[in-house]
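Quick notes on the structure that follows.
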Amino acid sequence: MIKILFVCLGNICRSPTAEGVFRHKLNQAGIRDGYLENIFIDSAGTAAYHVGKAPDRRSCEIARKYGVTLDDLRARQLTRQDFADYDYILAMDQENIHSMTAICPADQQHKIKLFMEYAENCPGITEVPDPYTGDMDGFEQVYDIIDRGSSGFLKHLFVSDLL
Ligand code: 4NP
C-alpha cells in the first residue's frame, strides 16, 4: 500500500483539487488490476480554519469543468499521526513545508516534499500559489498547475515505486 497526502493551508482549495485530480488520473490511466486498491490518497490543511467544510465552490466549479468531482470531500487538519501513516506528504507551497517540518518527527521528515518537484515542463513553477483571496483566473491557473504536478507525480510513482 502506498499512501499519499496532499497538503495546503486550508484544505479547501489546492490540496482537495490535487486529491481529486490525482484520483481522476489514476482512474483514467486504467491502472492495472489490483493497483488502485494499493494506493490510498487524502488531503489535509496545516490550519484548522475550515475543518469539516466542502472545498471552495470556485475550486469545485473549475474541477467539474474538467470532469473531476470535489463536492464530497471535507476539510481536515493535518495531524502528527499523518507523518507516520503516509509515505508521501506533498506540500503545495514552501509555507506548508515550514509548518510541517516544524512538527514532523526527524525520522519522517524525508516524506515531506514540494508537490511541484515532480512536475515536468513547468519551468520556474515550484509552488502552487494560494488562490483563496484572488479571482477566478487565479483558480484556473491553480488547476492547470495542479494538473501538471499530478501528471508528473503519477509518472514518478509508477516509474520509481511500482515498476
Ligand atoms: P488552500 O487555500 O490552502 O488552498 O485551501 C486557502 C483557503 C483558506 C485560507 C487560506 C488559503 N484562509 O485563510 O482561510
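Counting starts at 1 for both ligands and their atoms, following the listed order.
- For the ring-ring contact (aromatic ring centres under 6.0 Å, His included) condition, the pairs that include at least one residue of residues 63-86, sequence neighbours left out, are Tyr66-Tyr143.
- In this structure Ser43 satisfies the side-chain hydrogen bond (donor to acceptor under 3.5 Å, both in side chains) test together with Asn11, Glu19, sequence neighbours excluded.
- The 12-atom threshold is exceeded at CZ of Arg74, counting heavy atoms of other residues, nucleotides or ligands nearer than 6.0 Å.
- Near ligand 1, residues Cys8, Leu9, Gly10, Asn11, Ile12, Cys13, Arg14, Tyr49, His50, Asp130, Tyr132 each place a heavy atom inside the 4.0 Å sphere around the ligand atoms.
- In this structure the side chain of Cys13 never reaches within 4.5 angstrom of the side chain of Val142, judged on heavy atoms.
- Residues Glu140 and Lys65 are paired through a salt bridge, judged by an N-O separation under 4.0 Å between the basic side chain and the carboxylate.
- Residues that satisfy the side-chain hydrogen bond (donor to acceptor under 3.5 Å, both in side chains) test with Arg76, not counting sequence neighbours, are Asp42, Asp82.
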